[in-house]
Amino acid sequence: MTPPSDRIRTDAADSATGPSIVPVIVDPAAGPRAAEGAPDPLLDGLNPPQRAAVEYRGDALLIVAGAGSGKTRVLTHRIASLIRNREAWPSQILAITFTNKAAAEMRERVSHLLGGIAEGMWISTFHSACVRILRREAESFGFTRAFTIYDSADSRALIKRLIKDLQADTYGYTVPQVAARISKLKNELTDAETYARQANYSDPQDAVFSQLYQEYAHALQAANAFDFDDLISQTVYLFRAFPEVADRYRTRFRHILVDEYQDTNHAQYSLIRELTRPPRSNELEGVSSPGNGGASLTVVGDSDQSIYAFRGADIRNIVEFERDFPGAEVVLLEQNYRSTQNILSAANAVISNNFDRKDKNLWTAVGDGAKIVGYTGYSGHDEAQFVADEIAKLHDEGIAYNEMAVFYRTNSQTRALEEIFIRSAVPYRVLGGTKFYERAEIKDAMAYLTSVANPFDALALRRILNTPKRGIGPATETQLAGFAEREQISYREAMRRAPELGLGPKVTKAIVDLATLLDEAAELADPDRPGGPGRVSEVLTLLIERSGYVTTLRASRDPQDEARAENVEELLAVTKEFAVNNPGGTLVDFLTEVSLVAAVDELDDASGTVSMMTLHTAKGLEFDAVFITGVEEDLIPHRMSANEPGGPAEERRLFYVGITRARKRLFLTLAMTRAQFGETSVAMPSRYLQEIPGDLVDWVQSPGGATSRGGTQPRALNAARPGSSRWNDGPVYLPPKPKTEWANRVTGQVRDNGDLELVPGDRIRHTDFGEGRVDQVTGEGAKRVAHVTFESAGRKKLLIKIAPIEKVG
DNA sequence: GTCAATGACATTTTT
DNA sequence: TGTCATTGAC
């Protein structure tokens with residue numbers, strides 16, 4: 001694909017910090033705009049659409065930013081320009097990013113552009129911004145500002161308990177199911193009471209769920225806790241219930257910018273709507289004329305990169321932005337500054353197979369670059385070995401390890417990769433996965449801290465009640481809970497008064513001792529303590545020493561417990577580092593920060609290691625060399641996605657996101673057999689592989705070319721490798737299998753099947769769902785809908801005119 | 001109340 | 001493969 005010649009070439013090194021950018025100091029004497037003709041450092045080096053996106057002033061702006069089109073640059077320059085031109089104070093800016101890391105980077109870049117006067121801006125994730133608001137306002141609606149944030153594991157633990165209590169498992173409810181359903185409802189702003197009102201009580205299953213949901217909500221409230229989804233939805237409820245509170249924020253934020261808008265869910269969308277509404281004071285005084293008074297809104301996104309539908313992201317938020325905000329300006333960024341043309345062409349070819357999308361073509365001025373490399377291993381280990389070998393080669397060629405990344409669909413795929421990487425001495429780092437904070441011993445230590453900060457949190461307290469072992473078993477725990485309930489007192493108070501329960505002297509002492517320890521720690525951590533609160537590290541030290549937690553671990557015979565003790569020490573180091581980075585940071589601040597860290601936030605650019613992560617985590621990142629592993633059916637697209645509406649299309653976007661992370665080199669690898677739960681099963685090449693034009697890929701071992709001789713014995717292959725030369729002396733580049741036959745057979749444009757006649761009983765083939773039979777046809781003319789039962793994908797409704805279907809038989 | 005042994009079962013993606 | 005829940009012996 002050649003770039004249109006009339007486009008203006010700009011500096012391709014978008015992501016590098018421009019050397020020519022000079023910090024601009026706000027000069028009160030200067031006019032609102034820089035002098036005519038003088039080069040404006042905020043516009044310099046931007047292409048025309050980028051410039052338009054920075055300069056547009058109006059109520060609503062949608063920036064459709066293709067992958068690698070420099071959207072972060074546009075956003076930062078836009079913010080800087082608003083501040084520099086004195087159109088906004090920094091404190092009037094609210095910018096929402098997807099991760100904390102992206103927020104930190106944006107803040108850094110804006111303040112660099114402005115010469116360090118960016119104090120007071122809110123640049124954060126949705127969740128962080130909401131926590132900030134909720135902590136300030138907590139007291140006005142029945143919470144304290146020390147509320148706990150429950151992560152998904154905490155939510156699941158609570159749900160598990162409730163399922164047991166209500167015996168909901170007899171109705172077939174499982175923890176993940178209930179958790180997902182509650183999460184979904186919260187993202188749609190349906191709270192427990194609303195659900196209860198419309199629940200179908202003649203259906204016992206639904207009645208039980210409704211009760212589960214209500215008890216879950218009640219338990220959170222009683223524990224003075226919010227789960228992840230609450231952070232957003234409760235902020236919306238807060239704004240709706242207390243307009244005067246909402247007005248404070250509406251008055252404050254005059255410019256709201258939202259990144260990754262395609263991945264916002266309904267609750268987040270509603271939050272933005274609430275915030276961009278004009279404050280009431282304006283309405284009363286008649287200041288509000290159409291579009292006046294509400295904050296200006298800028299959203300950036302790319303519907304082709306929407307990959308979070310499973311967590312409630314609604315692609316319609318971006319698709320229907322212009323309808324939502326009439327008069328909105330739309331700017332398209334299509335020039336890519338990141339990848340080579342070969343990589344982009346592959347990406348374009350793949351994504352063009354998604355129907356019902358706006359056609360959009362990324363192009364670059366960089367040139368073709370190296371071809372994409374494909375490899376089919378005999379097993380997952382074989383595949384991993386290839387990746388490790390190529391990484392070593394790339395490193396020899398001068399690409400730094402931290403400029404390389406390995407992506408996979410599921411976290412479980414890391415195992416084989418890690419094994420081989422360790423053996424091959426490839427320095428690597430896994431982002432996400434089993435995170436540090438998910439380890440049991442860390443959760444224990446955190447539960448101590450949480451119990452100190454939030455005495456109402458029964459879940460945290462239950463976790464530490466008998467950790468380390470103090471002889472407080474389930475029976476005692478139930479007694480304690482009943483006592484607290486009867487006397488209408490907190491758990492902590494109940495523990496202090498444990499002697500009244502008439503338990504054994506040993507148990508009673510254990511309980512009272514723990515209560516004393518928590519009280520002492522709470523006093524130390526108290527923000528209002530005379531002389532200032534103790535540091536988090538001091539509080540943690542007190543807790544783990546006096547409770548005997550580490551001592552017990554060290555004394556254990558289990559060799560793993562030694563490592564656990566070290567992890568707790570590591571957490572102590574984290575608290576010390578926190579104190580250095582956040583002077584005056586309280587215990588609650590620390591707990592908040594820990595709750596909201598995302599996988600990518602751990603990415604350290606200077607680490608000198610290869611990064612391994614899921615395709616989801618990879619969004620928003622870029623690397624010189626990218627390996628996408630496990631490009632197989634049932635993995636990409638994942639087996640579980642087949643039944644979901646829009647599943648295969650979302651999986652394709654995920655693959656697209658992966659491809660577009662690569663700057664120079666892209667490797668697509670798969671295996672013929674893959675181990676899972678100890679069993680090995682046969683894997684098939686992903687359908688998406690066939691969507692990449694054959695001439696873009698050099699197959700070291702193509703899916704068709706690899707014979708089955710290797711079977712499942714990667715060791716034999718290892719042994720057969722002398723030095724660094726590849727094992728197959730035969731033709732290195734086998735002809736790509738059925739490529740020409742398949743590539744771009746389905747054109748990417750919005751299809752038009754014209755007046756394809758379908759009647760019940762017809763058999764059709766759908767590019768995503770396979771073959772199926774038409775049950776009935778409804779609607780008229782261009783809106784005729786076919787109801788189809790697919791063999792593997794089940795029942796679907798399809799708009800006949802544009803669906804990627806054809807009649808068979 | 002604790003511990004060790006056994007067997008069932010699971011792996012999609014995440015703030 | 002590895003985690004977990006249940007079981008039964010102390």
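The structure presented is a predicted model; accordingly, all values stated were derived computationally and were not measured. Within every chain, numbering begins at 1; the chains are lettered A, B, ... in the order of the sequence lines, protein sequences first and strands thereafter.
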**Asked** Starting at the 5' end of DNA chain B, which residue's closest nucleotide do you reach first, E477(A) or E651(A)?
**Response** E477(A)
**Prompt:** Rounded to whole angstroms, how far apart are CZ on R311(A) and C1' on dT15(B)?
**Reply:** 5 Å
**Item:** Atom pair NZ (K71(A)) and CD (E260(A)), whose distance is rounded to the nearest 0.5 Å
**Value:** 3.5 Å
**Asked** Rounded to whole angstroms, how far apart are NZ on K186(A) and P on dT14(B)?
**Response** 21 Å
**Message:** For the base of dT13(B) and the side-chain ring of F310(A), does the geometry meet a stacking cutoff of under 5.5 Å between centres and under 30° between planes?
**Reply:** yes
**Prompt:** How close or far is atom P of dT3(C) from atom CZ of R156(A), stated in whole angstroms?
**Reply:** 15 Å
**Request:** May I ask you to check if K443(A) and Y437(A) form a cation-pi contact, with NZ or CZ under 6.0 angstrom from the six-membered ring centre and within 45° of the axis?
**Result:** no
**Request:** Starting from P on dT15(B), measure out to NE2 on H266(A) and report it in whole angstrom.
**Result:** 22 Å
**Asked** If you check the F228(A) side chain, which of dT13(B), dT15(B), dG1(B) turns out closest?
**Response** dT15(B)
**Message:** So, OP1 or OP2 of dA5(C): does either fall under 4.0 Å of a side-chain N or O from K160(A)?
**Reply:** yes
**Item:** Distance test, side-chain N/O of N100(A) to OP1/OP2 of dT15(B), below 4.0 Å
**Value:** no
**Request:** Could you please name the option among dT14(B), dT2(B), dT12(B) that lies closest to any side-chain atom of M640(A)?
**Result:** dT12(B)
**Prompt:** Whole-Å distance between dG1(B) C1' and K469(A) NZ?
**Reply:** 10 Å
**Message:** I need the CD-P distance between E632(A) and dT12(B), as an integer number of Å.
**Reply:** 16 Å
**Prompt:** For the base of dT12(B), is there a side-chain donor-acceptor partner from H638(A) under 3.5 Å away?
**Reply:** no
**Message:** By nearest heavy atom, map R470(A) and E650(A) onto DNA chain B; which one lands nearer the 5' end?
**Reply:** R470(A)
**Asked** Contact class for A475(A) (heavy atom, under 4.0 Å): base, sugar-phosphate, or nothing?
**Response** sugar-phosphate
**Message:** Could you tell me if R661(A) sits above the aromatic ring of F407(A), with its cationic atom closer than 6.0 Å to the ring centre and no more than 45 degrees from the axis?
**Reply:** no
**Request:** Using atom NZ of K101(A) as one end and atom C1' of dT14(B) as the other, report the distance to the nearest whole Å.
**Result:** 18 Å
**Message:** Taking 4.0 Å as the cut-off, does a side-chain nitrogen or oxygen of N411(A) come that near to OP1 or OP2 on dT14(B)?
**Reply:** yes
**Complete:** Taking dC4(C), dC3(B), dT13(B) as options, the one with an atom nearest any side-chain atom of T410(A) is dT13(B)
**Prompt:** When you measure from the centre of the six-membered ring of F655(A), is the NZ or CZ of R652(A) under 6.0 Å away and within 45° of the axis?
**Reply:** no
**Message:** By the 4.0 Å heavy-atom rule, please label N466(A) as base, sugar-phosphate, or nothing.
**Reply:** sugar-phosphate
**Prompt:** Distance-only, no hydrogens or angles: does the E633(A) side chain make a donor-acceptor pair with backbone N or O of M684(A) under 3.5 Å?
**Reply:** no
**Prompt:** Which base sits across from dT12(B) as a Watson-Crick or G-U pair, both distances under 3.5 Å?
**Reply:** none
**Message:** Would you measure the distance from the C1' atom in dC4(C) across to the matching atom in dT13(B) and give it in whole Å?
**Reply:** 23 Å
**Asked** Is the backbone of V610(A) close enough, under 3.5 Å, to the side chain of R429(A) for a donor and an acceptor to pair up by distance?
**Response** no
**Asked** Is Y308(A) touching bases, backbone alone, or none of the nucleic acid, heavy atoms closer than 4.0 Å?
**Response** sugar-phosphate
**Request:** Could you tell me whether the phosphate oxygens of dT14(B), OP1 or OP2, come under 4.0 Å of any side-chain nitrogen or oxygen in T614(A)?
**Result:** yes
**Prompt:** Whole-Å distance between dT15(B) C1' and Y150(A) OH?
**Reply:** 18 Å
**Message:** Using the side-chain heavy atoms of S152(A), tell me which of these nucleotides is nearest: dT6(C), dT15(B), dT2(B).
**Reply:** dT15(B)
